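Predicted model only: the values in this text are computed from it and were never measured. In what follows, every heavy atom counts, from backbone to side chain, and hydrogens, waters and symmetry copies are set aside. Order of appearance sets the numbers: ligands from 1, and atoms from 1 within every ligand.
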Amino acid sequence: MRILHTMLRVGDLDRSIKFYTEVLGMRLLRRNDYPDGKFTLAFIGYQDESEGAVIELTHNWGVESYELGTGYGHIALEVEDAYAACAEIKARGGVVTREAGPMKHGTTVIAFVQDPDGYKVELIQRKS
Ligand SMILES: C[C@@H](O)C(=O)SC[C@H](NC(=O)CC[C@H](N)C(=O)O)C(=O)NCC(=O)O
Ligand code: NI
């Protein structure tokens, strides 16, 4: 077995695709409408689905927002330099909610950004 995707429900699909592609540098891999179910799926990521896990963005037509609740944590991305990544994300109009630095109670250098729906995305600096 292998992890194929993580699904996030989003309120505005074009807004989310713009964020994940233009701010985080992902690619739109495929987008499919399901008119009978009144929803659209868009798969985004850094690799083809045959190569690695991706994110499935689900847009239920007419639903503009969701309660994220207290259970959701984050999707993590590996970066070479979390400090530089935060600066670039800000320059591209992204929101950094937790600046780069060692994690609390640990040493891993992390940062958090949030997507247009408020979902957190963690940046983890690759250990040298
Ligand atoms: C290792 C990396 O993938 C992490 O996600 S650790 C980040 C760290 N997580 C926690 O503290 C989990 C426990 C917490 N009570 C929770 O439920 O989220 C984290 O979020 N650290 C915050 C920070 O600012 O360092
Ligand atoms: Ni994490």
Side-chain angles (χ1 to χ4, degrees):
M1 284 192 272
R2 68 183 179 95
I3 297 174
L4 287 177
H5 60 253
T6 298
M7 185 277 246
L8 301 176
R9 292 182 181 89
V10 300
D12 180 329
L13 193 55
D14 291 330
R15 180 183 68 180
S16 297
I17 291 170
K18 181 177 175 67
F19 169 78
Y20 284 97
T21 57
E22 295 182 11
V23 176
L24 294 185
M26 294 185 190
R27 289 188 289 125
L28 174 61
L29 302 168
R30 58 186 168 107
R31 177 173 178 158
N32 304 99
D33 289 332
Y34 295 85
D36 292 349
K38 293 184 172 58
F39 67 90
T40 302
L41 302 181
F43 292 81
I44 55 172
Y46 294 107
Q47 302 161 292
D48 290 339
E49 292 172 78
S50 58
E51 298 299 320
V54 301
I55 297 173
E56 176 187 24
L57 301 174
T58 296
H59 178 235
N60 290 297
W61 301 353
V63 181
E64 296 181 356
S65 65
Y66 292 91
E67 292 294 325
L68 305 193
T70 58
Y72 173 82
H74 52 262
I75 290 171
L77 308 178
E78 181 179 70
V79 294
E80 288 301 318
D81 179 333
Y83 303 86
C86 285
E88 182 60 24
I89 286 168
K90 287 179 191 174
R92 296 180 184 184
V95 176
V96 172
T97 59
R98 191 271 197 203
E99 294 294 341
M103 64 178 272
K104 289 176 186 164
H105 318 300
T107 59
T108 304
V109 175
I110 65 170
F112 285 102
V113 303
Q114 79 179 15
D115 87 347
D117 289 90
Y119 293 111
K120 292 289 192 312
V121 178
E122 182 182 36
L123 308 179
I124 301 180
Q125 183 164 299
R126 190 208 299 258
K127 294 191 189 306
S128 53

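V121 and V54 end up in different hydrophobic clusters when Ile, Leu, Val, Met, Phe, Trp and Tyr side chains are linked at under 4.5 Å.
Among K120, K104, H105, the residue whose heavy atom lies nearest to atom 25 (O) of ligand 1 is K104.
The nearest protein heavy atom to atom 6 (S) of ligand 1 is closer than 4.0 Å. Contact annotation for atom 17 (O) of ligand 1: protein absent (non-hydrogen atoms, distance under 4.0 Å). Remark: atom 9 (N) of ligand 1 lies closer than 4.0 Å to no protein heavy atom. The protein does not reach atom 13 (C) of ligand 1 closely, with no heavy atom under 4.0 angstrom from it.
In terms of protein heavy atoms, atom 24 (O) of ligand 1 is closest to R98 NE, 2.8 Å. From the protein, the heavy atom lying nearest to atom 21 (N) of ligand 1 is I110 CD1, 4.2 Å. In terms of protein heavy atoms, atom 1 (C) of ligand 1 is closest to M103 SD, 4.2 Å.
Ring pair Y34/F39 is parallel by interplanar angle, where below 30° counts as parallel and above 60° as perpendicular.
Within a 6.0 Å sphere centred on CZ of R9, heavy atoms belonging to other residues, nucleotides or ligands number 12 at most.
The E122 neighbourhood of ligand 1 comprises atoms 2 (C), 3 (O), 4 (C), 5 (O), 7 (C), with distances under 4.0 Å to a heavy atom of that residue. Residue contact check: H74 has heavy atoms under 4.0 Å from atoms 5 (O) of ligand 1.
Within E122, the N, O or S atom lying nearest to the Ni ion (ligand 2) carries the name OE1.
The shortest heavy-atom contact between R15 and P116 is NE-CB, 3.4 Å.
Side chain to side chain, D115 and Y20 meet the donor-acceptor criterion of an N or O pair below 3.5 Å.
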